[in-house]
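One structure below.
Because only heavy atoms are used, hydrogens play no part in the values below, and waters and symmetry mates are left out as well, while side chains stay in.
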Amino acid sequence: MAKSNFTRRGVLKTGAVAGAGVALPTIFTASSASAYVNEPTGSSVTLGFNVPQTGPYADEGADELRAYMLAVEHLNGEGDGGMLNTFSSKALKGNGILGKKVEYVTGDTQTKPDAARASARSMIEKDGAVMITGGSSSGVAVAVQALCQEAGVIFMAGLTHSNDTTGKDKKANGFRHFFNSYMTGAALAPILANEYGTDRKAYHLTADYNWGYTTEEAVRTSTEAMGWETVAAVKTPLAQTDFSSYVAPVLSSGADVLVLNHYGGNMVNSLTSAVQFGLRASEANGKQFQIVVPLYSRLMAQGAGKNVAGIYGTTGWHWSLENRFGERYTGSNAFVQSFGQKYGFPPSQAAHTVYCQTLLYADACERAGTFNPCGVVEALEDFEFDGLGSGPTLYRGSDHQCFKDALVVKGKENPDSEFDLLEIVDVTPREALVYDPAIFGGELGSCNPGA
Amino acid sequence: MDQIVLQILNGLDKGSAYALIALGLTLIFGTLGVVNFAHGALFMLGAFCAVTLSRILSLSHTILDETKKDFLGNPLKVEVPYVKDWFGEAAGAAIIDWSVPLALLFTVPVMIGIGVIMERGLIKHFYKRPHADQILVTFGLAIVLQEIVKYYFGANQIPMNAPQAFFGSFDFGAMIGMDPGAVIYPYWRIIYFCFAAVLIAGVFAFLQFTTFGMVVRAGMADRETVGLLGINIDRRFTIMFGIAAAVAGLAGVMYTPINPPNYHMGMDFLVISFVVVVVGGMGSLPGAILAGLLLGVLESFASMRQVLEIMPGINQVVIYLAAIIILLTRPRGLMGRKGVMED
């Protein structure tokens, strides 16, 4: 009879070790099996699309999701290829990423940092997502970016405009394609000075949170450098819905310009109040009173309706860009055609930025020859590209911020449709938007592969 | 001086919205004894009645405009509302322009219907349950209602305009003998305040001067005795629920040109309305009105730049601070009655 090697003690020890291993979340165990977290081993690779599917930015999240699905379709060689055909890098072949079919999972950020982190964590731990992307708020972007850094996956930010995302809160594993508050100020101020003169007195209403502060600071700095004076800057609660008590005193404050550092519902409501109070029809200091909205989105413009007419702001991208400014913006029309044919309406700036982020990530993997976050980071840092609809673009290595042209837009007086509410007034070349990354502080740190 | 007049005006106008919602809320509490957390949702449904009517009136057929291109480069599809075909360009445009006031007529029967269905279908089963159960079920109902609205209308705000005749603002200061241009105020906000005053007066008159109202008031004071007199007080209370729903709905309709509605607007008003009801005194109709206006004015003054420079952040807490002070000094609220919500 053969002697068994099993002992009671041995079985208990093995069981305890195996039990602990099974109990540990996969996020912490990658090092034992793979070179990095969620290394794809099968024939497919999973991306995590973390967008607001409920809450006030659900429509924006829905548009992001449409663009993500389109990008996946194009990466897998389906559809018309969209901007894959115009992208300056030719690493992507329409056969997935590194030969693996692209699959995706989605999460709901609810536009709440804690919910966004929970859904990102779930996608990383349970679904094996190798990259997380999306979001419609800077608070969410900063929170999810930090989580991805800890977990060792790449974060490709969606719609986030605060300087902090690639400033004081920047992380090596995080990348932002969208422009930021600083760029808004730099792009907008010369146009405002040109349109309204350099002798203006501005009154700022600012949403009382991170994005509001950075936007106010950027617009104030840029406009004051042009000669404007800031009469007052009032913080408004984020949960405020009726802005009448903030708008009512503006006309008698000595200001002749109202700057609304608000986004989403805040902007729709504050602009509506400002127009109702007759600000745009009034004169102050012998000049026509003006309103400025630093950051526009199409969905916001739709919410505010005809109140946006004639009001200046900035936007990251607009579907009419290539038609209006020519082939410097190659890729725009390809994306609009692709998106428009599939969904029946033009894409928003949120859709554009997340589509680009997905392609840029996939392309970086192809060029690096790996999904390893450190390889991807290396491939994206200081990457110069073109053909993604925003002109020649640089992914700056020192802060992982994209530098591309920014658009100054104005609300249309007589829009042809609900998608045609903004017209591009001017495009500010990226050279005018460059800044020293040190001014916002923060440390990029080193990439974390999670291993 | 002009700043003070402006903020009083603004506070009264803002407070009138609080008062209207709180009025319905306290009416339901006073009659049925139910703490209705779905009342904000009724305000929101009223606003979406206006959106629905506006969309019905704007139902269109498309014609191709070969001179213009859409985003895909195809001839632009121009929408032509049927009302313009039927009534002519000017009359059709006027009908669409007046969609918000017209929605008042549309909203009353719809909201009474919704209120009655809500009360008979769900809330009546919770009369004898603790207030915590009532809060949970009505809060759940509010979430369901707002998700239904979001499903059909989306999460984005929907712009609604006051009729062109009332668009913009006027010199209120000059009307009351102040310097021209000192107090400029929007027409529609003044109309909202007047509308709220008329509606509140109407509800009070209905309760005070009609037999129906007298029975309801008697039922509020002593439900059992009224029932023993052979009066079907439950039926009357159900109608009162419908009326409270209609009041909230009408407040919502008139609010749409002030702030573009979205599915969440009811929740935005819910908490503040409860504070108003509690500060006014649970079940007290005049208390709700007084507290609504008082808190509206306080909120307006707290939002002034000069006040914020002395006390940063006071605008975010002033209502709750006032509520604490009032409840500490008058535990039953400004006009609360003894025995209401007291064991």
Pick one of side chain, backbone, both or neither for [X], based on which atoms fall under 4.5 Å of a heavy atom in chain A.
{"X": "B:Tyr263", "result": "side chain"}
{"X": "B:Lys150", "result": "side chain"}
{"X": "B:Asp65", "result": "neither"}
{"X": "B:Phe166", "result": "neither"}

Drop me the distance from [X]'s [atom1] to [Y]'s [atom2], to the nearest 0.5 angstrom.
{"X": "B:Met267", "Y": "A:Thr241", "atom1": "CE", "atom2": "OG1", "value": "14.0 Å"}
{"X": "B:Gln316", "Y": "A:Gln240", "atom1": "CD", "atom2": "CD", "value": "8.5 Å"}
{"X": "A:Ser245", "Y": "B:Arg305", "atom1": "OG", "atom2": "CZ", "value": "14.0 Å"}
{"X": "B:Asn315", "Y": "A:Asp208", "atom1": "CG", "atom2": "CG", "value": "8.0 Å"}
{"X": "B:Asn156", "Y": "A:Ser297", "atom1": "CG", "atom2": "OG", "value": "7.5 Å"}
{"X": "B:Ile258", "Y": "A:Ser244", "atom1": "CD1", "atom2": "OG", "value": "8.0 Å"}

For residues [X] and [Y], determine if any side-chain heavy atom of one lies less than 4.5 Å from a side-chain heavy atom of the other.
{"X": "B:Glu79", "Y": "A:Ser417", "value": "no"}
{"X": "B:Pro260", "Y": "A:Thr272", "value": "yes"}
{"X": "B:Ser303", "Y": "A:Tyr246", "value": "yes"}
{"X": "A:Val275", "Y": "B:Phe167", "value": "yes"}

So that I can tick it off, tell me whether A:Asp242 and B:Arg189 are bridged by a salt bridge, with the cut-off set at under 4.0 angstrom between side-chain N and carboxylate O.
yes
Tell me, for A:Thr54 versus chain B, whether the close heavy atoms (under 4.5 Å) come from the side chain, the backbone, both or neither.
both
If I measure from the heavy atoms of chain B, does A:Asn307 come under 4.5 Å with its side chain, its backbone, both, or neither?
side chain
Please confirm whether the backbone N or O of B:Ala155 pairs with a side-chain atom of A:Asp59, one donor and one acceptor, at under 3.5 Å?
yes
Determine the option with the most heavy-atom pairs under 4.5 angstrom with chain A, choosing from B:Leu72, B:Leu6, B:Asp70.
B:Leu72
Pair count under 4.5 Å, heavy atoms only, with chain A: among B:Lys68, B:Met304, B:His264, B:Glu299, highest is B:Lys68
Tell me every residue that passes side chain to side chain contact (heavy atoms under 4.5 Å, CB included) with A:Ser137, counting only those two or more places apart in sequence or in another chain.
A:Thr111, A:Val140
Closest non-hydrogen atoms of A:Gly265 and B:Gln157, given as atom of the first, atom of the second and distance, are CA-OE1, 3.2 Å
